[in-house]
Amino acid sequence: MIGQKHKKRIFSGVQPTGNIHLGNYLGAVKNFVKLQSGGNEALFCIVDLHAITVWQDPKVLRSSIRELAATFVACGLDSNKSILFSQSQVSGHAELAWIFNCIARMGWLNRMTQFKDKAGKNKENASVGLFAYPALMAADILAYHATHVPVGEDQKQHLELTRDIAMKFNNDFQVLNFFPIPEPIIEETAPRIMNLRDGSKKMSKSDSSDMSRINVQDDNDLIALKIRKARTDQEPIPEEVSFLEKRPEAYNLVNIYASLVNCSPEDVLRDFSGKPFSYFKPRLVELLVSELEPISKKIKELLEQPEEIDKILNDGATSARKISDPIIRSTYEILGLTKNLE
Ligand code: AMP
Ligand code: TRP
C-alpha cells in the first residue's frame with residue numbers, strides 16, 4: 001500500500017439532524033446523484049457520530065437516520081450504484097479518528113471557524129467532540145482512501161485540515177502516498193440557497209423560523225405559502241443579473257428557479273424580465289412542487305417500510321467495511337500496532 005496510486009473514489013457525508021431542505025437538495029444531494037452516475041465509485045455516509053457532538057435525543061436520532069436514508073434514496077441515490085451507509089455502523093471511522101486526534105495539532109483545530117461559530121461564547125462548555133469534529137471528518141474520508149469530496153464552501157476548511165492530516169501522517173511515518181491528499185469537488189453551478197426571509201443568511205436547518213426554508217417534505221400548500229410569503233421587493237424582475245446583486249431575496253428566487261430547470265440566472269431573466277414577482281412566484285411554486293412532490297411521496301413510502309431502509313444501510317455498511325477494514329489494518333501496522341481482524 002506504500003507509494004501506491006489511488007483510484008478515483010468519492011466520499012461525502014451529511015448529518016442526520018433536522019429536515020433536509022432545498023439548500024441541501026440543490027447544493028449537495030442533487031450533485032451526489034450526478035456523481036454516482038459518472039461511473040465513479042462513491043460512498044455517501046449519514047454522519048451520525050458527528051451529530052452527537054451536540055446532544056441528541058436518542059429516539060429522534062434513530063428516526064432521523066432512517067429519514068435521511070429515505071431522503072437519499074428518494075432523491076435518486078441508488079444503492080446499486082453507490083454505497084449508502086451510516087457512520088456509526090462502521091467502527092473504522094471512530095478508530096481512525098482517534099489516531100488522527102494524535103496527528104492533528106491543537107493549533108490547527110483552534111483555527112477552525114465552524115467550531116468557533118458552533119461553540120459560540122460558551123466555548124468552555126462545548127463538547128471535546130465538537131472541537132475534534134474535523135479529525136473525525138478526516139477519518140471518514142481517509143478510511144476509504146477517498147480522493148474526491150463533494151462539499152459546500154463552508155466545509156472547505158475542514159477538507160484542508162484533512163489534507164494536512166494526510167500529509168503529516170504520510171510524512172511522520174515515511175509512508176509516501178499511503179493516504180491520498182483528497183480534493184474538494186465544489187460544484188460551481190450549485191447555488192448557495194438563501195433564507196427566504198433574509199437573503200443575507202443561507203437557508204439552514206437551524207433557523208428558528210420554518211418559513212425561512214423549503215423542506216423536501218413540505219406539502220404543496222406549504223410550499224406555495226412559503227414562496228408567497230418569501231421576502232422580495234417592489235421592483236420587477238430586471239434584465240441583467242448585475243441588477244440583482246443588491247436585491248439578495250430577489251436574486252435567491254431567480255437562482256432557485258435556474259437551479260431547478262438547470263439553466264443560468266441569465267436565462268431566467270430572459271424569460272421573466274419586466275414581470276413582477278407576483279407573476280414569477282406561482283411559476284416557481286409549480287416547479288418546486290413538480291420536483292419535490294415525487295420525492296416526498298417516495299420518502300413517505302419508504303418510511304412505512306423501515307426494514308427496507310435498514311437493509312439498505314446494513315448492506316451499505318458491509319460494503320463500506322470491505323474497503324475500510326484493510327486500510328485501517330494497514331494504518332495500525334504503520335503505527336506499530338496490531339490489528340487482528342481475522
Ligand atoms: P448541513 O445542513 O449544514 O448539514 O449541510 C449539508 C450540506 O448541504 C452542506 O455541506 C452543503 O453542501 C449543503 N448546503 C447546506 N445548506 C445549503 C444552502 N443554503 N445552499 C446550498 N447548499 C447548502
Ligand atoms: N462536516 C460535514 C457537514 O457538516 C459533514 C461531513 C462529515 C462530511 N464527514 C464528512 C462531508 C466527510 C464530507 C466528507 O456538512
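In listed order, ligands and their atoms are each counted from 1. These numbers come from the heavy atoms of this one structure, side chains and all, not from hydrogens, waters or symmetry mates.
Summary of contacts: the protein heavy atom closest to atom 19 (N) of ligand 1 is I193 O, 2.7 Å.
A salt bridge links K311 to D315: at least one charged side-chain nitrogen sits closer than 4.0 Å to a carboxylate oxygen. Ionic pairing of D325 and K322 is not present here: no N-O contact between side-chain nitrogen and carboxylate oxygen is shorter than 4.0 angstrom. Between D164 and R105, no side-chain nitrogen of the basic residue sits less than 4.0 Å from a carboxylate oxygen of the acidic one, so the salt-bridge criterion is not met. Salt bridge annotation for D207-R197: absent, with no cationic side-chain nitrogen under 4.0 angstrom from a carboxylate oxygen.
Near V149, with a cut-off below 4.0 Å to any heavy atom, the atoms of ligand 2 are 13 (C), 14 (C). Residue R192 has at least one heavy-atom neighbour below 4.0 Å for each of these atoms of ligand 1: 20 (N), 21 (C).
One option in G18, G23, G27 has a heavy atom closer to atom 23 (C) of ligand 1 than any other, and that option is G23.
Looking at ligand 2, you won't find any N or O of H158 less than 3.5 Å from one of its N or O atoms. Ligand 2 has no N or O atom lying under 3.5 Å from any N or O atom of Q114, backbone or side chain. When only interatomic distances are considered, the shortest N/O to N/O separation between S12 and ligand 2 does not fall below 3.5 Å. Considering both main-chain and side-chain atoms, N24 comes within under 3.5 Å of ligand 1 through a nitrogen or oxygen pair. Any N or O atom pair closer than 3.5 Å counts here, and G152 shares at least one such pair with ligand 1.
Of the heavy atoms in V14, none comes closer than 4.0 Å to ligand 2. Here M203 has heavy atoms under 4.0 Å from ligand 1 in both its backbone and its side chain. Here L159 has no heavy atoms under 4.0 Å from ligand 2, in either its backbone or its side chain.
Annotation: side chain of K281 is in contact with side chain of T232 (closest heavy-atom distance under 4.5 Å).
Within the model, atoms OG1 of T53 and CZ of F131 stand 13.5 Å from one another, a figure rounded to the nearest 0.5 Å.
Counting protein heavy atoms under 4.0 angstrom from atom 3 (O) of ligand 1 gives zero.
Distances from ligand 1 to the non-hydrogen atoms of H21 include at least one value under 4.0 Å.
Annotation: cation-pi geometry not satisfied between R247 and F243 (NZ/CZ under 6.0 angstrom from ring centroid, within 45° of ring axis). Remark: K275 is not positioned above the aromatic ring of F280, lacking an NZ or CZ atom under 6.0 angstrom from the ring centre and at most 45 degrees off the axis.
N314 and Q89 share a side-chain donor-acceptor pair at under 3.5 Å.
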